[in-house]
Amino acid sequence: MSASNHAAAFALPATDALSSSLGGRKNLVGLSRDELEAEMLSVGLEKFRARQLWHWIYHRGATDFAVMTTLAKPVREKLAESYAVARPTIVRDLKSVDGTRKWLLRMPDGQEVESVHIPEEDRGTLCVSSQVGCTLTCRFCHTGTQRLVRNLDASEIVAQVMLARDALGEWPAPPDGRMISNIVMMGMGEPLFNYENVAKALKIVMDGDGISISKRRITLSTSGVVPAMKRCGEELNVNLAVSLHAVTDELRDIIMPINRKYPLKELMDACRTYPGLNNARRITFEYVMLKGVNDSPADARALVKLLEGIPSKINLIPFNPWPGAPYERSTDRAIQVFGDIVNNAGYASPVRTTRGEDIMAACGQLKSASVRLSAADRAAIEKVLAEKDAALAG
């Protein structure tokens, strides 16, 4: 299935459910500036009201028109009759011993996704989801064991950022030392299979008059949806991360079946021509370390050869286990040897510190619900994976 066909097939925004939950009112979150202006004109208000609303919604974080005091009271009352500034519901709020925080969010139609905040000394990174479930079947990823239910719309994507700022008390954002300084589209789903909504949401996040997170601090991670990569670079110009995880088509076909559709040669060509790529703006290649699968010195040398000519950084990710996972984490020694080979070839190859593992918030562990697997559960997962593999091949 192509990226455009995929987007159409799973474009199931919860419009009716949302409208019903808001008493028939329309949610203003996720509208572009032009759409917001059109809404103002449709209810007999001036276009400039859209600029005022944008400030209150995305700079101040307001959810109640009554507090928007730069608008006259009659205007606020008129807006409240037809519109709302809505958020998803936080179902579960978990905090790791290392400070990582994970939210399970429920949309108005009852579907759920997870978002994760990872605090560090010099930054705070929010991991954002783009789909409910995932169409892919990466064998090392917990999310891949779920069926794809639907894409998230732009409001549901940008709302993850807004909810996190609500929870962290970061409205308006301070000029320095933000708790959410970076965004990574690395949560549930494949962002480039939901490009239109992801792009719309990220443009709102990047807007200088609102949330104002620079494109230099936003990274979009893809499993290798080759046709959409160039468009992403041209239109968004955000940092690109590529989930690689194998250096041969034979292995990548197994652990990342999307490789059967977009094999390594096509993927590497798309990386070499990614808009804006240079030594100061490198592609990050994510490489999960699977014991006895892809972690040998020979794999490391093959990786160096594969990336030749591409300004690159390689994130080595110790595998994070989940219930029923078919792999084990590489040993510390194997990871060190692998990293030394790559680093000595001139590629930065930091080992990603596992964060939030105790709350199932680490890389590859996100799922709508964390469960212990019975034999029936495992059989169901295998059935889902087989169905998804067949659909991907079609």
**Student:** Is it true that atom CZ of Arg217 has more than 12 heavy atoms of other residues, nucleotides or ligands lying nearer than 6.0 Å?
**Tutor:**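 Atom CZ in Arg217 is not crowded, with 12 or fewer foreign heavy atoms closer than 6.0 Å.
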**Student:** Quickly, which of Glu121, His117, Arg123 forms a side chain to side chain contact (heavy atoms under 4.5 Å, CB included) with Pro119? Name it, please.
**Tutor:**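 By the side chain to side chain contact (heavy atoms under 4.5 Å, CB included) criterion, Pro119 pairs with just one of Glu121, His117, Arg123: His117.
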**Student:** May I ask whether Ile57 and Leu41 are part of the same hydrophobic cluster, defined by side-chain heavy atoms of I, L, V, M, F, W, Y residues being less than 4.5 angstrom apart, directly or through others?
**Tutor:**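 No, separate clusters.
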**Student:** Using atom types as modelled and distance alone, determine if a side-chain donor or acceptor of Glu170 lies under 3.5 Å from a backbone N or O of Ile180.
**Tutor:**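 It does hold such a pair.
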**Student:** Do you know which two heavy atoms are closest between Arg329 and Pro321, and how far apart they sit?
**Tutor:**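 Heavy-atom minimum between the residues: NH2-CD, 3.8 Å.
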**Student:** Could you give me the CA-CA distance, side-chain angles and deciding distance for Arg301 and Ile341, then say whether side chain to side chain contact (heavy atoms under 4.5 Å, CB included) is met?
**Tutor:** CA-CA 7 Å; Arg301 290 188 288 269; Ile341 292 171; 3.9 Å; yes
**Student:** For a 4.5 angstrom cut-off between non-hydrogen side-chain atoms, does Val158 reach Ile211?
**Tutor:**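 Val158 vs Ile211: side chains touch.
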**Student:** Verify, without hydrogens or angle tests, whether Ser129 (side chain) and Glu114 (backbone) share a donor-acceptor contact under 3.5 angstrom.
**Tutor:**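 Flag set: sc Ser129 to bb Glu114 pair under 3.5 Å.
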**Student:** May I ask whether Val337 and Leu303 are part of the same hydrophobic cluster, defined by side-chain heavy atoms of I, L, V, M, F, W, Y residues being less than 4.5 angstrom apart, directly or through others?
**Tutor:**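 No; Leu303 is not reachable from Val337 via cluster members.
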**Student:** Check this for me: Lys200, atom NZ, are more than 12 non-hydrogen atoms of other residues, nucleotides or ligands nearer than 6.0 Å?
**Tutor:**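 Atom NZ in Lys200 is crowded, with more than 12 foreign heavy atoms closer than 6.0 Å.
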**Student:** So do Arg49 and Val43 actually touch side chain to side chain, heavy atoms under 4.5 Å?
**Tutor:**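 Contact flag for Val43/Arg49 side chains = no.
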**Student:** Nearest 0.5 Å, please: how far is CG in Leu28 from OG1 in Thr63?
**Tutor:**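 These two atoms lie 12.0 Å from each other.
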**Student:** Determine whether Cys271 and Val242 make a side-chain contact, defined as any pair of heavy atoms from C-beta on separated by less than 4.5 Å.
**Tutor:**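 Yes, side chains in contact.
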**Student:** Decide whether Asn239 and Arg281 meet the rule of one side-chain donor and one side-chain acceptor closer than 3.5 Å.
**Tutor:**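 Side chains of Asn239 and Arg281: pair found under 3.5 Å.
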**Student:** Please find the pair of heavy atoms, one from Gly339 and one from Ser349, that lie closest to each other, and give the distance.
**Tutor:**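 In this case the closest contact between Gly339 and Ser349 is O-OG, 3.1 Å.
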**Student:** So, Arg252 side chain and Leu244 main chain: donor-acceptor pair closer than 3.5 Å or not?
**Tutor:**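 Judged by distance alone, yes, a pair lies under 3.5 Å.
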**Student:** Are the side chains of Val351 and Met289 in touch, meaning some heavy atoms are under 4.5 Å apart?
**Tutor:**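 Result no, sub-4.5 Å side-chain heavy-atom pair not found.
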**Student:** Hey, which of Leu105, Thr89, Val91 is the one that makes side chain to side chain contact (heavy atoms under 4.5 Å, CB included) with Glu112?
**Tutor:**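 When Leu105, Thr89, Val91 are each tested with Glu112, the side chain to side chain contact (heavy atoms under 4.5 Å, CB included) holds only for Val91.
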**Student:** Within the 4.5 Å heavy-atom criterion, are Phe285 and Tyr347 side-chain neighbours or not?
**Tutor:**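 Not in contact.
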**Student:** Does atom CZ of Arg51 have more than 12 heavy-atom neighbours, drawn from other residues, nucleotides or ligands, at distances under 6.0 Å?
**Tutor:**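 No - once you tally the heavy atoms of other residues, nucleotides and ligands closer than 6.0 Å, there are 12 at most.
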**Student:** Tell me the closest heavy-atom pair linking Pro191 and Gly189, and the distance in Å.
**Tutor:**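 Closest approach of Pro191 to Gly189: CD-O, 3.5 Å.
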**Student:** Please identify which of these residues, Leu251, Asn259, Val288, meets the side chain to side chain contact (heavy atoms under 4.5 Å, CB included) condition with His245.
**Tutor:**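 By the side chain to side chain contact (heavy atoms under 4.5 Å, CB included) criterion, His245 pairs with just one of Leu251, Asn259, Val288: Val288.
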**Student:** Fit a plane to each ring of Tyr327 and Phe319, take the angle between them on a 0 to 90° scale, and name the class: parallel (under 30°), tilted (30 to 60°) or perpendicular (over 60°).
**Tutor:**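 Correct class here is perpendicular.
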**Student:** Between Glu39 and Glu35 (side chain of the first, backbone of the second, donor and acceptor by atom type, cut-off under 3.5 Å), is there such a pair?
**Tutor:**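 Absent.
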**Student:** Measuring from atom CG of Leu31 to atom CE of Met40, what distance do you get when rounded to the nearest 0.5 angstrom?
**Tutor:**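 That separation rounds to 8.5 Å.
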**Student:** Indicate yes or no: at least one non-hydrogen side-chain atom of Pro88 is less than 4.5 angstrom from one of Arg106.
**Tutor:**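 Heavy-atom side-chain distance check fails, nothing below 4.5 Å.
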**Student:** Just by modelled atom types, is the Leu192 backbone N or O under 3.5 Å from a matching donor or acceptor in the Glu190 side chain?
**Tutor:**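 Judged by distance alone, yes, a pair lies under 3.5 Å.
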**Student:** Tell me whether the count of non-hydrogen atoms from other residues, nucleotides or ligands lying under 6.0 Å of CG in Asp340 goes above 12.
**Tutor:**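 Correct, the count exceeds 12.
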**Student:** Rounded to the nearest 0.5 Å, what separation is found between the CD atom of Gln52 and the CG atom of Leu45?
**Tutor:**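 That separation rounds to 10.0 Å.
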**Student:** Could you go through Glu37 and Trp54, starting from their C-alpha distance and side-chain angles, then the distance that decides it, and tell me whether this counts as side chain to side chain contact (heavy atoms under 4.5 Å, CB included)?
**Tutor:** CA-CA 10 Å; Glu37 288 181 355; Trp54 191 275; over 6 Å; no
**Student:** Of Asp295, Asn294, Asn315, which is the lone residue that meets side chain to side chain contact (heavy atoms under 4.5 Å, CB included) with Tyr287?
**Tutor:**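 The residue from Asp295, Asn294, Asn315 that satisfies side chain to side chain contact (heavy atoms under 4.5 Å, CB included) with Tyr287 turns out to be Asn294.
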**Student:** Ignoring hydrogens, what is the shortest heavy-atom contact between Leu71 and Arg76? Give both atom names and the distance.
**Tutor:**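 It is O-NE, 2.9 Å.
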**Student:** If you measure only the distance, is there a donor-acceptor pair under 3.5 Å linking the side chains of Ser32 and Asp34?
**Tutor:**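 No pair is found: no donor N or O on one side chain lies under 3.5 Å from an acceptor on the other.
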**Student:** Can you tell me if Asp153 and Asn197 form a side-chain donor-acceptor pair at under 3.5 Å?
**Tutor:**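 No - no donor-acceptor pair under 3.5 Å links their side chains.
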**Student:** Less than 4.5 Å apart, any side-chain heavy atom of Leu79 and any of Leu53?
**Tutor:**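 Result yes, sub-4.5 Å side-chain heavy-atom pair found.
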**Student:** Show the numbers, then the answer: is there a side chain to side chain contact (heavy atoms under 4.5 Å, CB included) between Ile314 and Leu307?
**Tutor:** CA-CA 10 Å; Ile314 297 89; Leu307 300 183; 3.7 Å; yes
**Student:** For Leu240, is there any backbone N or O sitting under 3.5 Å from a side-chain donor or acceptor partner on Thr219?
**Tutor:**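 Looks like no, no N/O pair under 3.5 Å.
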**Student:** Any donor-acceptor pair under 3.5 Å linking the side chain of Arg260 with the backbone of Asp253?
**Tutor:**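 Answer holds: yes.
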**Student:** Taking Lys265 first and then Asp269, would you say they form a salt bridge - that is, a charged N and a carboxylate O separated by under 4.0 Å?
**Tutor:**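 Yes, charged N to carboxylate O under 4.0 Å.
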**Student:** Starting at CG of Leu168, measure out to CG of Leu126 and round the result to the nearest 0.5 Å.
**Tutor:**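 CG of Leu126 is found 8.5 Å from CG of Leu168.
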**Student:** Side chain of Ser312, backbone of Ile310: donor and acceptor closer than 3.5 Å?
**Tutor:**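 Flag set: sc Ser312 to bb Ile310 pair under 3.5 Å.
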**Student:** Heavy atoms only: give me the nearest Ile283-Tyr274 pair and the separation to one decimal.
**Tutor:**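 What the structure gives for the nearest pair is CD1-CB, 4.1 Å.
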**Student:** Short question: side chain of Ser181, backbone of Gly124 - any donor-acceptor pair under 3.5 Å?
**Tutor:**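 Such a contact is found between Ser181 side chain and Gly124 backbone.
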**Student:** Drop me the distance from Met256's CE to Ser243's OG, to the nearest 0.5 angstrom.
**Tutor:**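 Taking CE in Met256 and OG in Ser243, the distance rounds to 5.0 Å.
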**Student:** Any heavy-atom pair between the side chains of Thr222 and Met185 that's under 4.5 Å?
**Tutor:**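 SC-SC contact between Met185 and Thr222 ruled out.
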**Student:** Of all the heavy-atom pairs spanning Ala246 and Leu306, show the shortest one and how long it is.
**Tutor:**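 Closest pair (atom of Ala246, atom of Leu306, distance): O-CD2, 4.5 Å.
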**Student:** Given the rule in the side chain to side chain contact (heavy atoms under 4.5 Å, CB included) test, do Ser130 and Leu152 qualify, once you have shown the distances and angles that lead to the verdict?
**Tutor:** CA-CA 6 Å; Ser130 57; Leu152 296 179; 5.5 Å; no
**Student:** Report yes or no: does Gln131 contribute a side-chain atom to a donor-acceptor pair with the main-chain N or O of Leu148 at less than 3.5 Å?
**Tutor:**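 Side chain of Gln131 to backbone of Leu148, a donor-acceptor pair under 3.5 Å: no, none is there.
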**Student:** Heavy-atom count check: over 12 atoms from other residues, nucleotides or ligands less than 6.0 Å from Asn278 CG?
**Tutor:**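 Yes.
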**Student:** With rounding to the nearest 0.5 angstrom, report the CG to NE2 distance, Asp209 to His59.
**Tutor:**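 So the gap between those two atoms works out to 9.5 Å.
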